[in-house]
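Heads up: the structure comes next, in structure tokens.
Please read these numbers as outputs of a predicted model, since none were measured by experiment.
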Amino acid sequence: MKIIGTGSSHPKKVVTNQMLSDMVDTSDEWITVRTGIKERRIISEENLEDLAIDAARKALDNAGISAIDLDFIICANVVNEFITPALSCIIQGAIGAHCPCIDLNGACVGFIYALDLAEAYYRSGKVKNVLIVCAEEPSRMLSWQDRSVCVLFGDGAGAAVLTAGDNVKATHLSAASSTTSLYQKHELQPSPFVTKPNSNLPLVMRGQDVFKFAANASLADIKFLLNETGYTADDVDKYLLHQANIRIIETVGEVLKQPKEKFPTNIQKYGNTSSASIPILLDELNRGGELKKGDLLALSAFGAGFVSGSCLLKW
């Protein structure tokens, strides 16, 4: 398959580091040095489905096709205001599509998991046009009194339209179960039959564990794809890494011996938007004219699970 259109959408509310320093014991310098984040967008008056639908429509417009031309919709999402129906079903109805749709929870790797799933459908000959929407609302999961977590995340949505082609050179997914380093549990509804304790906790993250896994997994996944395809690190025109921490991105670049110019970032504006991170960045590069036909792109992401994934594709 190949990507023929991109879109993204952000909440109106901008939350700066200074605003957070008025709430918790932190500072702009502390956040910037450790993460690279200066501000993030947080849902206030919108709903996540609004952003998802907006990003989907922009991607369809950019691709030059109609929603009725879609054969499948894949939505990557961790949490939103609906437990059911699936967010993909809400998107499908809003944009006027008539195709089947599915949600997947691949944490921050959702976009690459969706690409891999779509590629399998293309190889089976079942689809021609596929819409991927990654819509995330991490702010719903956070404690705004926990400075180690609340400074990291932002809300947003990114989308991509795919069609038949041969631009994907390889994908690679991996998982290493770790359920205590980055997690949140559902709140139990009151019941006379439930005897276990209710775990109504906000997102829990052990930062050092996550950092170590992220850097190692990203490097291993990228190297795997390069070895599998015969490309070298120098052959890659741009590395689109999950926008979680600037130090992780810099570490990957240093180990691969690649210049910073090959690692575009927008973490300073949006923070960690989970699975929406890479498609938002891809959309910015696409609409900014920074991608040339034939460019070799390496996508890499990592997230709770722990899961990771990478994709090597031609633009």
Side-chain angles (χ1 to χ4, degrees), residues 8 10-11 13-44 48 51 76-80 105-111 134-158 178 180-185 201-218 240-252 263-281 300-308:
S8 59
H10 304 278
K13 182 69 174 179
V14 177
V15 177
T16 65
N17 290 347
Q18 181 58 51
M19 292 167 68
L20 291 178
S21 69
D22 294 336
M23 298 166 49
V24 294
D25 182 17
T26 189
S27 67
D28 174 63
E29 181 182 12
W30 191 93
I31 299 169
T32 303
V33 169
R34 287 163 178 77
T35 69
I37 302 168
K38 300 293 290 185
E39 60 187 38
R40 69 286 294 148
R41 301 290 187 93
I42 300 297
I43 286 177
S44 55
L48 184 62
L51 305 182
N77 171 254
V78 175
V79 63
N80 66 83
N105 182 349
C108 299
V109 197
F111 184 62
C134 301
E136 302 286 11
E137 191 177 358
S139 65
R140 182 179 287 270
M141 307 167 66
L142 306 176
S143 164
W144 291 96
Q145 285 73 51
D146 184 353
R147 73 167 188 170
S148 66
V149 176
C150 71
V151 303
L152 301 177
F153 294 92
D155 304 327
S178 175
T180 59
S181 297
L182 181 56
Y183 70 92
Q184 184 184 21
K185 294 184 178 181
L201 296 173
L203 186 70
V204 175
M205 184 175 75
R206 292 173 170 79
Q208 291 300 317
D209 292 351
V210 176
F211 186 97
K212 182 178 179 180
F213 169 81
N216 291 337
S218 188
L240 276 61
L241 271 57
H242 174 45
Q243 304 290 292
N245 187 305
I246 194 65
R247 293 188 298 170
I248 296 173
I249 298 171
E250 291 173 348
T251 297
V252 173
F263 292 80
T265 63
N266 60 12
I267 187 174
Q268 59 275 10
K269 296 187 294 182
Y270 304 125
N272 181 347
T273 55
S274 190
S275 72
S277 167
I278 290 179
I280 287 174
L281 180 60
S300 175
F302 39 82
F306 286 128
V307 291
S308 69

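- Asn17 has its side chain out of reach of Val151: every pair of non-hydrogen atoms, C-beta onward, lies at least 4.5 Å apart.
- In this structure, the separation between CE on Met205 and CG on Asp146 is 8.5 Å, given to the nearest 0.5 Å.
- In this structure, the separation between CD1 on Ile267 and CZ on Arg40 is 9.5 Å, given to the nearest 0.5 Å.
- The closest side-chain heavy-atom distance from Cys108 to Ser275 is not below 4.5 Å.
- Using a distance-only test at 3.5 Å, with no hydrogens or angles considered, a donor-acceptor pair links the side chain of Gln243 to the main chain of Asn266.
- The shortest side-chain heavy-atom distance between Asn77 and Glu136 falls under the 4.5 Å cut-off.
- With 3.5 Å as the limit, one finds no donor-acceptor pair spanning the side chains of Glu29 and Thr32.
- Rounded to the nearest 0.5 angstrom, Ile37 CD1 and Thr265 OG1 are separated by 11.0 Å.
- Legend: residues meeting side chain to side chain donor-acceptor pair (under 3.5 Å) with Thr35, ordered by chain and number and at least two apart, are absent.
- The backbone N or O of Ser139 sits less than 3.5 Å from a side-chain atom of Asp155, completing a donor-acceptor pair.
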### Task
Under the side chain to side chain contact (heavy atoms under 4.5 Å, CB included) rule, what do Tyr183 and Arg206 come out as? Steps first, then yes or no, please.
CA-CA 9 Å; Tyr183 70 92; Arg206 292 173 170 79; 3.9 Å; yes
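- Proximity of Leu240 to Pro264: side-chain heavy atoms (C-beta onward) are separated by under 4.5 Å at one or more points.
- Considering only residues two or more places apart in sequence or on other chains, Arg41 meets the salt bridge (charged side-chain N to carboxylate O under 4.0 Å, His left out) condition with none of them.
- Between Phe211 and Ile248, the closest side-chain pair of non-hydrogen atoms falls below 4.5 Å.
- For the atom pair CG of Leu182 and CZ of Phe302, the computed distance is 11.0 Å after rounding to the nearest 0.5 Å.
- When side chains are defined from C-beta on, Ser21 does not count as touching Asp28, because their heavy atoms never get closer than 4.5 Å.
- Contact check for Val210 versus Asn245: no side-chain heavy atoms found under the 4.5 Å cut-off.
- For the atom pair CG (Leu281) and NE2 (His242), the distance works out to 11.5 Å, reported to the nearest 0.5 Å.
- If you take CZ on Arg140 and CD1 on Ile42, they are separated by 12.0 Å, rounding to the nearest 0.5 Å.
- Residues Cys150 and Val24 come closest through the heavy atom pair SG-CG2, 4.4 Å.
- The shortest heavy-atom contact between Ala276 and Cys134 is CB-O, 3.4 Å.
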Decide yes or no on side chain to side chain contact (heavy atoms under 4.5 Å, CB included) for Ser178 and Phe213, but give the supporting numbers first. CA-CA 10 Å; Ser178 175; Phe213 169 81; over 6 Å; no
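- Across all their heavy atoms, Leu51 and Gly156 have their closest contact at CD1-CA, 4.2 Å.
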For this session: Output, in order, the C-alpha distance, side-chain angles, deciding distance and verdict of side chain to side chain contact (heavy atoms under 4.5 Å, CB included) for Val78 and Gln184.
Result: CA-CA 11 Å; Val78 175; Gln184 184 184 21; over 6 Å; no
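- In this structure, His10 and Ile280 have side chains that are in contact, with non-hydrogen atoms separated by less than 4.5 Å.
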Verify side chain to side chain contact (heavy atoms under 4.5 Å, CB included) between Val14 and Lys269, making sure each step is shown before the conclusion. CA-CA 9 Å; Val14 177; Lys269 296 187 294 182; over 6 Å; no
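- Residues Ile278 and Ala301 share a closest heavy-atom pair of CD1-CB, 3.9 Å.
- Ala107 and Ala304 make their closest contact through CB-O, 3.6 Å (heavy atoms, listed as atom of the first residue, atom of the second, distance).
- Applying the side chain to side chain donor-acceptor pair (under 3.5 Å) rule to Ser218 yields the partners Ser300; only residues at least two apart in sequence or on another chain are considered.
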